[in-house]
Structures are given as C-alpha cells and as structure tokens.
There are 2 protein chains.
Amino acid sequence: MDGVLAAITDPTRRRILDLLREQPLTAGAIAKHVPEMSRPAVSQHLAVLRSVGLVEPRRSGRLVVYTLCAAPLQPIWDHWLSRYAELWSDRLLQLKEVVEAQEGCDAQDSHSERDAEGDKGGRRADGC
Amino acid sequence: MDGVLAAITDPTRRRILDLLREQPLTAGAIAKHVPEMSRPAVSQHLAVLRSVGLVEPRRSGRLVVYTLCAAPLQPIWDHWLSRYAELWSDRLLQLKEVVEAQEGCDAQDSHSERDAEGDKGGRRADGC
DNA sequence: TCAATGCGTAAGCGTATCCTTACGCATTGA
DNA sequence: TCAATGCGTAAGGATACGCTTACGCATTGA
C-alpha cells in the first residue's frame with residue numbers, strides 16, 4: 001500500500017490512470033495524451049505504475065497495450081481511508097450500517113478489532 | 001488534494017494521523033510515540049500535516065494540543081478514488097444505488113456528469 | 001536484408017524530501 | 001529573576017524523485 005500511495009501521489013501518473021479508466025491504450029497513445037513531457041518520461045511513469053500492479057502491459061506485435069488494474073487501490077480504502085470517512089461524513093456511516101444489516105455479517109475482517117485500548121481519552125476527532 | 005496525498009504518503013505522518021484518531025495529543029506526546037526519530041523531525045511532519053489542514057494545533061499554556069481534521073481527506077475519495085472503487089467492487093456500486101434510491105437526489109454534485117464521451121471504446125477496465 | 005517504428009532503459013542533472021544537530025522563543029515554577 | 005520545560009525552525013547533508021538526452025532491442029514492411 002505504501003508504494004501504491006507513492007505512485008498515485010504524482011499527478012501525471014493519476015492522469016495516466018484516468019486515461020486508462022476509459023479504455024486500454026498503447027504506451028505511445030498514452031504519451032500523446034501527455035505532450036508536455038517526453039515519451040521516456042511517460043515510460044518511466046508507466047514503469048512505476050507497473051511495479052505496484054496498477055497497470056498491466058500486454059504486447060501486441062510491436063505495440064504494448066496497457067490496461068488499468070484498480071485492485072491495488074482497494075487497500076488504501078479498506079485499511080486506511082475508510083476509517084477516516086466515518087469522521088468526515090455521517091452518511092457513509094449510515095451506509096455501512098445499512099450494508100451490514102442487509103448482509104448479516106459475511107466475514108469482511110474490518111469489524112470488531114476496533115481499537116481495543118479502553119477508550120481512555122476523549123476520542124473527539126471530528127472532521128473539523 | 002495534491003498536497004494532501006503527498007502528506008499521507010509518508011508512513012510516519014499516517015502513523016501520527018492514526019494516533020490522533022484515538023484522541024488529541026500534545027506535540028511532545030506524539031513525539032514519544034515515534035521514538036525512532038528525533039523530536040524536531042516529528043515537529044516537521046506536524047508542520048506538513050498542518051499546512052494541508054489535516055491537523056489543527058491549539059495552544060494550552062506551553063503545550064500544543066493537536067487535533068485531527070479528516071475533512072481534507074474527503075476529496076481524495078470523492079474526486080478520485082471512488083471512481084475506481086466501482087472497478088474493484090460491485091458491492092460498493094450496489095451501495096451507491098441503495099443510497100441514491102433512498103435519498104432521492106439531495107444535491108450532492110457527484111452525479112450525472114458521468115463520463116459524457118459516448119463510450120467510444122471497449123471501456124473494459126477491470127479490477128484485474 | 002535494411003530502414004522505420006514502437007518501446008524500454010541507462011546516464012546524468014536539478015530539485016525535493018527527510019533526517020540530524022543547533023538554536024531561539026514563550027511559558028512555567030522556584 | 002532565572003533555570004527548566006515544551007515547542008518550533010534554521011542549517012546542512014544524504015537520499016529519492018522526476019525530467020531530459022542518448023542509446024539498445026524487438027517488430028514491421030519494403
């Protein structure tokens with residue numbers, strides 16, 4: 001997850017991912033969508049995205065078609081960001097309750113290991 | 001949002017945020033929780049978190065109490081990550097439909113500007 | 001077989017990031 | 001008033017990052 005966060009912090013790489021969300025593209029096509037920097041620079045960004053599994057290259061002749069892989073993004077939400085979402089929005093909290101009620105607990109790990117420390121302090125961490 | 005992503009990419013800063021999710025803490029107390037680096041280093045990390053609004057300092061005598069502010073994290077989900085969540089999980093998509101049906105459109109902007117480009121290609125961007 | 005195309009990578013440079021040590025300022029209690 | 005405490009910041013150095021230019025390799029079509 002650490003590398004994934006570092007990967008998506010760069011705005012150029014987020015732009016590439018946004019492009020691939022529309023459709024798979026060749027490396028050259030991606031580079032044409034980012035004209036303000038050289039093609040090798042884009043290739044290096046693609047290498048970073050590859051290294052964390054966010055894109056998957058597939059050779060087709062002398063072309064290389066890149067496809068988006070969203071899966072590595074999920075831990076960012078599941079293991080980190082979602083716990084803060086409860087603080088910025090009551091709506092998501094309601095959502096969670098609705099889902100849990102309608103699903104009836106189907107082993108999704110992120111329950112019940114909730115902060116086993118006795119709530120010693122104020123625990124007021126609002127959304128500001 | 002760019003600065004916020006850069007802020008949370010550092011594992012030490014995420015650790016600080018995780019600490020403040022439990023309860024507000026003084027700068028010194030935070031530093032004690034991160035013993036593997038010097039106190040000024042922690043102070044600099046706090047400065048970064050301050051600069052993007054993720055923590056709020058409040059002087060109390062010669063102590064400075066830091067409180068978590070989760071609000072700057074919301075755009076990461078709303079304006080970026082949530083659009084990828086649809087690719088990694090059908091469950092969240094179902095959730096969204098449930099919410100929208102039960103709320104009946106209460107002006108939450110993130111509807112209806114959905115990709116107005118005519119679905120020109122394959123648009124197969126799966127979760128891998 | 002040979003030039004052209006598509007792509008990746010190595011080398012090098014400027015800059016940003018993150019740490020340390022040293023220092024300065026405000027607040028507290030004697 | 002004066003030492004002690006809590007905290008922030010400046011200065012400096014090591015390392016990581018992002019870009020460019022130059023090059024190498026595989027594939028294609030003449």
Side-chain angles (χ1 to χ4, degrees), chain A residues 1-20 23-69 72 76 121, chain B residues 1-20 23-69 72 76 121:
Chain A
M1 175 175 123
D2 228 69
V4 180
L5 264 175
I8 67 172
T9 293
D10 186 277
T12 300
R13 289 195 284 263
R14 281 204 310 279
R15 199 159 137 209
I16 292 174
L17 293 178
D18 288 339
L19 285 170
L20 294 179
Q23 57 186 311
L25 290 173
T26 68
I30 295 172
K32 283 204 181 80
H33 280 276
V34 191
E36 70 272 15
M37 71 177 63
S38 70
R39 186 194 54 78
V42 174
S43 191
Q44 287 165 354
H45 282 302
L46 285 171
V48 173
L49 294 173
R50 241 183 304 150
S51 72
V52 298
L54 279 171
V55 299
E56 192 204 8
R58 191 187 308 273
R59 289 206 69 99
S60 169
R62 59 182 163 186
L63 303 176
V64 177
V65 180
Y66 279 88
T67 306
L68 175 66
C69 297
I76 295 177
Chain B
M1 173 177 123
D2 228 69
V4 179
L5 265 175
I8 67 171
T9 293
D10 187 277
T12 300
R13 288 194 286 262
R14 281 204 309 280
R15 198 158 136 210
I16 292 174
L17 293 178
D18 288 339
L19 284 170
L20 294 180
Q23 57 186 310
L25 290 173
T26 67
I30 295 171
K32 283 207 181 79
H33 280 275
V34 191
E36 71 271 17
M37 73 177 61
S38 69
R39 186 194 55 79
V42 175
S43 192
Q44 286 164 354
H45 282 302
L46 285 171
V48 173
L49 294 173
R50 241 183 305 150
S51 72
V52 298
L54 278 171
V55 300
E56 192 204 9
R58 191 186 310 274
R59 288 206 69 101
S60 169
R62 60 183 162 187
L63 304 177
V64 176
V65 180
Y66 279 88
T67 306
L68 175 67
C69 296
I76 294 177

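FYI, side chains are in, hydrogens and waters are out, and symmetry mates aren't considered; it's all heavy atoms of this structure. Here is how names work: the chains are called A, B, and so on, in the same order as the sequence lines, proteins then strands, and each is numbered from 1.
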[X] has an atom [atom1]; how far is it from atom [atom2] of [N], in whole Å?
X: B:R39; N: C:dT20; atom1: CZ; atom2: P; answer: 12 Å
X: A:L63; N: C:dG8; atom1: CG; atom2: P; answer: 11 Å
X: A:Y66; N: C:dC7; atom1: OH; atom2: P; answer: 9 Å
X: B:Q44; N: D:dG8; atom1: CD; atom2: P; answer: 11 Å
X: A:D10; N: C:dT17; atom1: CG; atom2: C1'; answer: 14 Å
X: B:L49; N: C:dC18; atom1: CG; atom2: P; answer: 11 Å
X: A:L46; N: C:dT9; atom1: CG; atom2: P; answer: 10 Å
X: B:R59; N: C:dT28; atom1: CZ; atom2: P; answer: 9 Å

5' precedence on DNA chain D between A:A6 and B:S43 (nearest-nucleotide basis):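 Nearest-nucleotide comparison on DNA chain D picks B:S43.
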
Nearest-nucleotide comparison on DNA chain D, the residue closer to the 5′ end among A:G61 and A:T12: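 Closer to the 5' end of DNA chain D: A:T12.
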
Is the phosphate of [N], meaning OP1 or OP2, less than 4.0 Å from a side-chain N or O of [X]?
X: B:S38; N: C:dC19; answer: no
X: B:R13; N: C:dT17; answer: no
X: B:H45; N: C:dC19; answer: yes
X: A:T26; N: C:dG6; answer: no

Would A:L54 and A:I8 count as a side-chain contact (heavy atoms from CB on, under 4.5 Å) if you check the C-alpha gap in whole Å, the side-chain angles of each, and the deciding distance to 0.1 Å? CA-CA 9 Å; A:L54 279 171; A:I8 67 172; 3.9 Å; yes

Please determine, for C:dT28, whether a Watson-Crick or G-U wobble partner exists with both distances under 3.5 Å, and give it or none.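 C:dT28 is paired, partner D:dA3.
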
Using Watson-Crick or G-U wobble geometry with both distances below 3.5 Å, tell me the partner of C:dG12, or none.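 C:dG12 is paired, partner D:dC19.
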
Per B:R62 side chain, nearest of listed nucleotides C:dC19, D:dT5, C:dT9: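 In terms of side-chain proximity for B:R62, the closest of C:dC19, D:dT5, C:dT9 is D:dT5.
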
Residue mapping more 5' on DNA chain C - nearest nucleotide basis, B:P40 or B:V48: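 In this pair, the answer is B:V48.
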
Nearest 0.5 Å, please: how far is [atom2] in [Y] from [atom1] in [X]?
X: B:L5; Y: A:D10; atom1: CG; atom2: CG; result: 10.5 Å
X: B:R14; Y: A:D2; atom1: CZ; atom2: CG; result: 4.5 Å
X: B:L19; Y: B:I30; atom1: CG; atom2: CD1; result: 7.0 Å
X: B:T67; Y: B:Q23; atom1: OG1; atom2: CD; result: 11.0 Å

Under 4.0 Å, counting only non-hydrogen atoms across every strand here, what does B:A27 touch: a base, just sugar-phosphate, or nothing?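 Contact class for B:A27: sugar-phosphate only.
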
